[in-house]
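Input: a single structure, listed below in structure tokens.
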Amino acid sequence: MPKGLIVKALSGYYYVQSMEDGHGDKKLIQCRARGIFKKKGITPLVGDQVIFTLTENDEGTVDEIYPRSSELIRPPISNVDLAVLVFSLREPDLNLKLLDKFLVHTETSGLDTVICFSKRDLGNEDNVLADDMTLNQVSRLYEDIGYEVIITSAKTGEGADQVRQRLSRHIGVFAGQSGVGKSSLLNVIFPGLSLATNEISAKLGRGKHTTRHVELIALEDGGWIADSPGFSQLDFMNLEAEDMTDGFKEFRKFSPQCKFRGCLHRNEPGCRVKEAVESGGIARSRYEHYLLFLGEIMDRKRRY
Ligand SMILES: Nc1nc2c(ncn2[C@@H]2O[C@H](COP(=O)(O)OP(=O)(O)O)[C@@H](O)[C@H]2O)c(=O)[nH]1
Ligand SMILES: [Mg+2]
Ligand SMILES: [Zn+2]
């Protein structure tokens, strides 16, 4: 029975690339999922490795799904192992609160994360960008936490090689607000992709809802990438207050030493996280965002 990878899902059909065809072969097999999945409440996802059988007219049926190594809800995609978070220096302005929110999601989903500060040509290292910090300070902040930071410009090509190398052999997802230059950057990194850019003004009317589908695009060197539009309205629906502290990677060094187990690092006595904020071991901007997100989860709890 042939093995394949679901690269696209659209109105109940799953488009499978057979493992027997070459990587990135354009010929996809249009499949339905077997009824058993629905009965079990399982939805096949883009990124799933599957066993399928061919039916008439070169169509197929997805018979089995291999265990997933990761699963994202929005965008709905499985087996992603690298998230590239794209944040522009300007247009739109650098938004560190949103970056920290994305990081909570990638951390709690167990993804490796690379941060791209894009549109470098619109700013330099001495401009104050966000929270009174310059590009150098912002980069240092996230590098000190342990994140790989790549500064890019689709206009000059800066950073493109570095991102390309990082993506090699992964299933990656490009995420970030619309307009930050995700598609433009991918086009520079992989000439020949020709993803549509600037879709906001070109295609969508203001306030219109778009339900764009996710699709995996084959990269020349064996990897796959999803250019995802749907990451923008992140909420913490599936997270508990205790998860939030895992979402802040640098807290993990301190939280085991907090006096109370399950410390939420607010006003508890003997909180090592708060102490680290005071002594500069944890950046204040990160801690403030932590408190904000924790507040969002608490509010949600009160409402339900
Ligand atoms: N100055 C500058 N503009 C860029 C850069 N990258 C993208 N843009 C522009 O930003 C807008 C949004 O880009 P797009 O790639 O569609 O963003 P996406 O929504 O994140 O995919 C377009 O008008 C691009 O021309 C860059 O590196 N520098
Ligand atoms: Mg785009
Ligand atoms: Zn604590």
Side-chain angles (χ1 to χ4, degrees), residues 75 83-95 98-99 102 115-124 127 129 135 150-163 172-191 193-204 208 210-217 225-233 241-248 250-279 281-282 286-288 290-291 294:
V84 179
L85 302 185
V86 184
F87 278 75
S88 52
L89 303 189
R90 300 207 184 289
E91 301 177 15
D93 281 345
L94 189 58
N95 182 341
L98 193 64
L99 172 58
F102 271 79
I115 299 171
C116 278
F117 290 126
S118 65
K119 304 199 188 183
R120 160 59 174 269
D121 57 286
L122 297 182
N124 64 51
N127 294 142
L129 294 169
L135 176 57
I150 304 178
I151 296 168
T152 63
S153 167
K155 215 159 206 170
T156 67
E158 180 176 347
D161 285 339
Q162 228 179 316
V163 181
V173 62
F174 262 50
Q177 277 171 285
S178 63
V180 293
K182 296 180 294 297
S183 303
S184 304
L185 188 58
L186 277 167
N187 285 337
V188 172
I189 298 173
F190 303 104
L193 269 190
S194 341
L195 298 173
T197 59
N198 205 12
E199 284 146 60
I200 298 280
S201 48
K203 268 202 208 149
L204 322 174
K208 269 207 195 123
T210 46
T211 45
R212 283 190 35 205
H213 61 277
V214 204
E215 186 169 345
L216 285 178
I217 303 158
I225 187 85
D227 171 26
S228 163
F231 236 123
S232 49
Q233 327 120 305
E242 294 73 32
D243 298 326
M244 195 50 73
T245 163
D246 292 331
F248 285 73
E250 72 274 40
F251 288 17
R252 293 176 202 161
K253 226 176 13 197
F254 304 100
S255 52
Q257 271 83 50
C258 288
K259 187 168 172 194
F260 295 107
R261 271 178 74 190
C263 180
L264 291 179
H265 325 307
R266 286 177 298 179
N267 300 307
E268 296 91 336
C271 174
R272 296 285 177 262
V273 169
K274 271 196 90 166
E275 284 173 23
V277 176
E278 294 309 322
S279 65
I282 290 176
R286 291 272 292 169
Y287 180 65
E288 280 168 3
Y290 166 78
L291 291 180
L294 196 62

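Nothing fancy with the numbering, it's 1 onward along the sequence. For ligands, and for the atoms within them, numbers begin at 1 and follow the listed sequence.
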query: Which option, Gly123, Ala175, Gly181, owns the non-hydrogen atom nearest atom 17 (O) of ligand 1?
result: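 Nearest heavy atom to atom 17 (O) of ligand 1 lies in Gly181.
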
message: Measuring from atom 4 (C) of ligand 1, which candidate in Glu158, Lys119, Lys155, Glu91 has the nearest non-hydrogen atom?
response: Lys119

Heavy-atom pair with the smallest gap, counting every atom of [X] and [Y]:
{"X": "Glu268", "Y": "Arg266", "value": "OE1-N, 2.6 Å"}
{"X": "Lys119", "Y": "Gly179", "value": "NZ-O, 2.8 Å"}
{"X": "Val188", "Y": "Ala160", "value": "CG1-CB, 4.0 Å"}
{"X": "Ala226", "Y": "Leu216", "value": "CB-CD2, 4.0 Å"}

task: Check each heavy atom of Val180 against ligand 1 and say whether those closer than 4.0 Å belong to the side chain, the backbone, both or neither.
output: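 Both parts.
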
message: I want to know if ligand 1 touches Ala154 in the polar sense, i.e. an N/O pair below 3.5 angstrom.
response: yes

- prompt: N/O of Thr152 under 3.5 Å from N/O of ligand 1, yes or no?
  reply: no

- request: For the residue pair Lys274 and Asn267, establish whether any side-chain heavy-atom pair is separated by less than 4.5 Å.
  value: yes

query: Taking the side chain as C-beta and beyond, is there a heavy-atom pair between Glu91 and Leu122 under 4.5 Å?
result: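 Counting from C-beta outward, Glu91 and Leu122 do come under 4.5 Å.
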
Contact atoms of ligand 1, heavy-atom distance to [X] under 4.0 Å:
{"X": "Asp121", "value": "1 (N), 2 (C), 26 (C), 27 (O), 28 (N)"}
{"X": "Ser184", "value": "6 (N), 7 (C), 13 (O), 14 (P), 15 (O), 24 (C)"}
{"X": "Lys182", "value": "15 (O), 17 (O), 18 (P), 19 (O), 20 (O), 21 (O)"}
{"X": "Leu122", "value": "1 (N)"}
{"X": "Ser153", "value": "27 (O)"}

task: Keeping waters out of it, list the protein N, O or S atoms under 2.8 Å from the Zn ion (ligand 3).
output: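 Atoms qualifying: Cys258 SG, Cys263 SG, His265 ND1, Cys271 SG.
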
- prompt: Taking the non-hydrogen atoms of Ser118, is any one of them nearer than 4.0 angstrom to ligand 1?
  reply: no

message: I'd like to know whether the aromatic ring centres of Phe248 and Tyr287 sit less than 6.0 Å apart in this structure.
response: no

- request: Take the angle between the ring planes of His265 and Tyr290 and call it parallel below 30°, perpendicular above 60°, tilted in between.
  value: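 Aromatic pair His265/Tyr290 classed tilted.
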
I need the [X] [atom1] to [Y] [atom2] distance, nearest 0.5 Å.
{"X": "Arg286", "Y": "Leu99", "atom1": "CZ", "atom2": "CG", "answer": "7.5 Å"}
{"X": "Ser118", "Y": "Leu89", "atom1": "OG", "atom2": "CG", "answer": "6.5 Å"}
{"X": "Leu94", "Y": "Asn127", "atom1": "CG", "atom2": "CG", "answer": "11.5 Å"}

- prompt: Sequence neighbours excluded, which residues qualify as side-chain contact (heavy atoms from CB on, under 4.5 Å) partners of Lys155?
  reply: Asp121, Ser153

- prompt: From Ser184, does some N, O or S atom reach closer than 2.8 Å to the Mg ion (ligand 2)?
  reply: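 It does not: Ser184 brings no N, O or S atom closer than 2.8 Å to the Mg ion (ligand 2).
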
